[in-house]
Amino acid sequence: MIIVLFGKPGAGKGTQAPRLAELLGISTLATGDVLRAASQAGTALGREAKGYMDKGALVPDAVILGIVREALASPAYANGVILDGVVRTVPQAEGLRDALATLGRTVDAVLNFDVSNDEIVRRLSARLVCSACQTPYMSGSVGDACAKCGGKLVRRKDDEPAAIRHRLEVFEAQTAPVFEWYRAAGTRVATVDATGPVADVTVRALKALGR
Ligand code: AP5
């Protein structure tokens, strides 16, 4: 089963992906996490991606499709995958379709996590992450110790107010059309209310998948 999680930055894709993956017995692939890990490790990919990510701009499609093609070829994804953060442009949707076709597979469903812009700004402005293990926190202060690994809590550069605004603009201009692209292609698409308790959102997402 191949499921695309779709939605504005901060809609809850990264929160829901591991929960759904565990319940469905499949893996997750989060392009943002892959890129942040590469950036932290200082690889060529990470250095290229960092400039885009810090501003809240999209990393070029060719880079993203390279990551996705490599991952899909891995046995870890043979049972299925929840894609978190990809697909974000129509060329990525086309590239993913072509990559899956070579494997005799297709996207089974696209879930659109629906949250207002006010709630997005509230969530992302409040978020801190551990600089070492990337665990997110909705409370605490910059510099506090991570409860999991003791690393320092920091604000993601793209969670600064100007970058949040830019990410929302980029979503409307480049990502929003992807949902209609999938609908037109005949893929199962569903919009899920992604507000309220995290567990309730998971239940709604499963229901949208017919589970
Ligand atoms: P990425 O890491 O994918 O960032 P994003 O989509 O902007 O995702 P976020 O992590 O901000 O939001 P989310 O929807 O995952 O929400 P989350 O669960 O974290 O990408 C970062 C950057 O990498 C991009 O800007 C781009 O530069 C690059 N990139 C990545 N993929 C790319 C691609 N395909 N093409 C081009 N460039 C790409 O939740 C957010 C917060 O809300 C958390 O603090 C969480 O605790 C909280 N929260 C979650 N659910 C709830 C709830 N129900 N109620 C209250 N709070 C909640």
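As the structure lists them, so they are numbered: ligands from 1, and atoms in each ligand from 1.
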Enumerate the atoms of ligand 1 whose separation from the nearest heavy atom of [X] is less than 4.0 angstrom.
| X | result |
| --- | --- |
| Thr31 | 30 (C), 31 (N), 32 (C), 34 (N) |
| Gly85 | 31 (N), 32 (C), 33 (C), 34 (N) |
| Arg156 | 2 (O), 4 (O), 10 (O), 11 (O), 21 (C) |
| Gly196 | 52 (C), 53 (N), 54 (N) |
| Val86 | 34 (N) |
| Gln92 | 33 (C), 34 (N), 35 (N), 36 (C) |

Based purely on interatomic distance, does [X] place a nitrogen or oxygen under 3.5 Å from a nitrogen or oxygen of ligand 1?
| X | result |
| --- | --- |
| Gly10 | yes |
| Arg36 | yes |
| Gly12 | yes |
| Glu119 | no |
| Asp159 | no |
| Leu124 | no |
| Leu35 | no |
| Arg122 | no |
| Pro136 | no |

So, do [X] and [Y] sit near enough that their side-chain heavy atoms are less than 4.5 Å apart?
| X | Y | answer |
| --- | --- | --- |
| Leu168 | Pro9 | yes |
| Leu128 | Asp159 | no |
| Val110 | Ile3 | no |
| Ile26 | Ile82 | yes |
| Glu48 | Pro60 | yes |
| Thr202 | Thr15 | no |

Discussion item. Parallel, tilted or perpendicular, judged at 30° and 60°: which one describes the rings of Phe6 and Phe179?
Written reply: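 Taking Phe179 first and then Phe6, their aromatic rings lie parallel (interplane angle under 30°).
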Residue-ligand contact [X]/ligand 1, heavy atom below 4.0 Å:
| X | answer |
| --- | --- |
| Gly7 | no |
| Gln16 | no |
| Ala30 | no |

Nearest-option assignment for [atom], heavy atoms, candidates [options]:
| atom | options | result |
| --- | --- | --- |
| atom 26 (C) of ligand 1 | Gly32, Ala194, Ala57 | Ala57 |
| atom 6 (O) of ligand 1 | Arg88, His166, Arg167 | Arg88 |
| atom 40 (C) of ligand 1 | Lys8, Arg127, Arg123 | Arg127 |

Among protein heavy atoms, which sits nearest to [atom], and what does the distance come to when rounded to 0.1 Å?
| atom | result |
| --- | --- |
| atom 15 (O) of ligand 1 | Gly14 N, 2.8 Å |
| atom 37 (N) of ligand 1 | Val59 N, 3.0 Å |
| atom 44 (O) of ligand 1 | Met138 SD, 2.8 Å |
| atom 23 (O) of ligand 1 | Met53 CE, 3.3 Å |
| atom 17 (P) of ligand 1 | Thr15 OG1, 3.6 Å |

Worksheet entry | Passing option when Gln92 is tested against Thr175, Thr31, Val86, Val68 for side chain to side chain contact (heavy atoms under 4.5 Å, CB included) |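 So, applying the side chain to side chain contact (heavy atoms under 4.5 Å, CB included) to Gln92 and each of Thr175, Thr31, Val86, Val68, only Val86 qualifies.
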Item to complete: Decide if atom CD of Gln40 counts as having more than 12 heavy atoms of other residues, nucleotides or ligands within a radius under 6.0 Å.
Response: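 Yes, enclosed.
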Check whether [X] and [Y] end up in the same hydrophobic cluster, where Ile, Leu, Val, Met, Phe, Trp and Tyr are linked by side-chain heavy atoms less than 4.5 Å apart.
| X | Y | answer |
| --- | --- | --- |
| Tyr52 | Leu65 | no |
| Met1 | Val4 | no |
| Leu58 | Ile164 | no |
| Val170 | Met53 | no |

Discussion item. Main chain of Val107, side chain of Tyr182: is a donor-acceptor contact present, judged purely on distance under 3.5 Å?
Written reply: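 No, the answer is negative, given that no donor and acceptor are paired below the 3.5 Å cut-off.
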Worksheet item: Where is the tightest heavy-atom contact between Ala176 and Glu172, given as atom of each residue plus distance?
Response: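 Closest pair (atom of Ala176, atom of Glu172, distance): CB-O, 3.6 Å.
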Fill in: Nearest atoms (heavy-atom pairs only) where Ala49 meets Leu35
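Result for this residue pair: CB-CD2, 3.8 Å.
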Discussion item. Taking 4.0 Å as the limit for heavy-atom contacts, which would you say applies to Ile64 with ligand 1: side chain only, backbone only, both, or neither?
Written reply: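 Looking at Ile64 and ligand 1, just side chain atoms fall under 4.0 Å.
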